[in-house]
Amino acid sequence: MADTKPLPSTLSVGLARTKLEVREFFREKEALIFTFFFPIIFLGIFSAVFGSTDFNGVNAATYFTPGMIASGIFLSSFQSLAISIALERDEGLLKRLRGTPMPPQSYFIGKIGQVLVTSVAQFALLLVIAGLVLGVDIPSEPSKWLDFAWIFVLGAASGSVLGIAFSVVPKSGKAASAVITPIVLLLQFMSGVYFVYSSLPAWMRDVASVFPLKWLAQGMRSVFLPDGFQVNEPGGSWQLGTGAIVLTVWLIVGLFLAQRVFRWTRRDAG
């Protein structure tokens, strides 16, 4: 009897899917502009418009950098996955993939792997532009980068699972961008990405504090802004412990919802 080759593992198939997902992402001009380059473009615009403005002791480029990093992570995870999965479901791609021997887990590994790769690439490019072009001081303390690591991982993970779960909300792939993009924009305005968070109305801060983007942005401010800046936060501190709890809760909620509501086929397919 001829020897049969063992089937590839779920992880190896997932890594192969990651390579495919990353290539497809960078081939899509719309994804590059509205997901990858959007925070970088806005950082340049805000730095130019508010160049002479003092934000509680820091310049505009320095203040907006952490918010744009947080926004980039949220765009690359939540928005990108929610839209792309809705489109793939609408086009029947998910149904065809479900009918192949590929483990379903490999599909999600590929999607989350794409989020990690594109988020790291986006962050690296934004940091180069912020540091070399806009004169932002890049932190050198190891403790700052340790904080960045866990905030980045928790933010990307929670955004990814929520994006997977939310992909079932649009009724069609064509409607996905129209449904999801306004929600993301609203959260960006309410979470201190485009404004000084402490200057927002109290009710708006209260609403934003329920969602992960606010804590992702505040965590990034703790990394890239001077330690003395935390007195300007509503709570008088960076509240990293609270932020970790909120992001973890959203990660758990997102995992639960993704498992319960995710569909491989369109609603009208039965």
Side-chain angles (χ1 to χ4, degrees), residues 36 38-40 42-44 46-47 50-51 53-78 112 115-160 187-188 191-200 205 208-209 211-251:
F36 192 83
F38 191 83
I40 298 171
F42 263 61
L43 178 61
F46 283 4
S47 299
F50 300 104
T53 305
D54 179 85
F55 289 83
N56 296 317
V58 299
N59 60 26
T62 300
Y63 179 79
F64 285 113
T65 290
M68 293 306 162
I69 292 172
S71 177
I73 295 171
F74 202 66
L75 289 172
S76 295
S77 56
F78 177 79
I112 294 173
V115 168
L116 292 175
V117 171
T118 54
S119 295
V120 169
Q122 182 189 63
F123 165 72
L125 180 59
L126 190 149
L127 209 60
V128 168
I129 293 174
L132 298 181
V133 179
L134 302 177
V136 175
D137 291 330
I138 307 302
S140 57
E141 302 95 325
S143 60
K144 294 279 189 180
W145 289 107
L146 285 174
D147 285 338
F148 170 83
W150 70 258
I151 295 167
F152 175 90
V153 170
L154 267 182
S158 59
S160 295
L187 288 176
Q188 288 172 323
S191 302
V193 172
Y194 300 138
F195 300 106
V196 176
Y197 183 74
S198 58
S199 68
L200 296 174
R205 297 199 304 266
S209 65
F211 298 98
L213 183 55
K214 180 266 183 186
W215 298 100
L216 184 55
Q218 185 167 322
M220 288 301 169
R221 289 198 294 273
S222 76
V223 175
F224 291 92
L225 296 184
D227 289 335
F229 195 89
Q230 62 184 310
V231 299
N232 300 303
E233 297 290 330
S237 70
W238 298 126
Q239 298 178 306
L240 292 181
T242 304
I245 293 172
V246 173
L247 291 174
T248 301
V249 169
W250 274 111
L251 174 59

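Predicted, not measured: the structure shown is a model, and the values here were computed from it.
- Applying the ring pair (Phe, Tyr, Trp, His ring centres under 6.0 Å) rule to Phe78 yields the partners Phe74, Phe166; only residues at least two apart in sequence or on another chain are considered.
- In terms of heavy atoms, Gly159 sits closest to Ser77 at CA-OG, 3.5 Å.
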Counting only pairs under 3.5 Å, give me each side-chain donor-acceptor contact of residues 215-222, with atom names and distances, residues two or more places apart or in other chains.
residue : atom : partner : partner atom : Å
Trp215  : NE1  : Ser209  : O            : 2.7
Gln218  : OE1  : Lys214  : NZ           : 2.7
Gln218  : NE2  : Trp238  : O            : 2.7
Gln218  : NE2  : Gln239  : OE1          : 3.2
Arg221  : NE   : Glu233  : OE2          : 2.8
Arg221  : NH2  : Glu233  : OE1          : 3.0
Arg221  : NH2  : Glu233  : OE2          : 3.4
Ser222  : OG   : Gly219  : O            : 2.5

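- With sequence neighbours left out, Phe148 forms a ring pair (Phe, Tyr, Trp, His ring centres under 6.0 Å) with Phe123, Trp145, Phe152.
- The CD1 atom of Ile73 sits 10.5 Å away from atom OG of Ser160, with the distance rounded to the nearest 0.5 Å.
- For Tyr194, the ring pair (Phe, Tyr, Trp, His ring centres under 6.0 Å) criterion is met by Phe42, Phe46, Phe189, not counting sequence neighbours.
- Using modelled atom types, no side-chain atom of Ser71 and backbone atom of Gly67 make a donor-acceptor pair closer than 3.5 Å.
- Listed by first and then second residue, the salt bridge (charged side-chain N to carboxylate O under 4.0 Å, His left out) pairs that reach into residues 118-131 come to none, sequence neighbours excluded.
- Between Ala70 and Leu213, the shortest heavy-atom distance links the atoms O-CD1, 3.8 Å.
- A pairwise comparison of heavy atoms in Val58 and Tyr63 identifies CG2-CB, 3.9 Å as the closest pair.
- Pairs of residues two or more places apart, or lying in two chains, never qualify as salt bridge (charged side-chain N to carboxylate O under 4.0 Å, His left out) while including a residue from residues 128-141.
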Can you list, pair by pair, the side-chain donor-acceptor contacts under 3.5 Å of residues 125-132, counting residues two or more places apart and other chains?
none

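- One distance of note links CG of Leu225 with CG of Asn232; it measures 9.5 Å at 0.5 Å rounding.
- Partners of Asp147 according to the side-chain contact (heavy atoms from CB on, under 4.5 Å) rule, which considers only residues two or more places apart in sequence or in another chain, are Trp150, Ile151, Val223, Leu240.
- Using a 4.5 Å heavy-atom threshold, the side chains of Phe50 and Phe64 count as touching.
- Residues satisfying the side-chain contact (heavy atoms from CB on, under 4.5 Å) criterion with Thr118, sequence neighbours excluded, are Phe25, Phe26, Ser76, Gln114.
- Residues Met68 and Leu75 form no side-chain contact, since every pair of their non-hydrogen atoms from C-beta on lies 4.5 Å or further apart.
- Expressed to the nearest 0.5 Å, how far CG of Asn59 lies from OG of Ser47 amounts to 7.5 Å.
- Annotation: side chain of Thr62 is not in contact with side chain of Phe224 (no heavy-atom distance under 4.5 Å).
- In this structure, the side-chain contact (heavy atoms from CB on, under 4.5 Å) partners of Ala157, at least two apart in sequence or on a different chain, are Leu251.
- Between Gly72 and Gln122, the shortest heavy-atom contact is CA-OE1, 3.0 Å.
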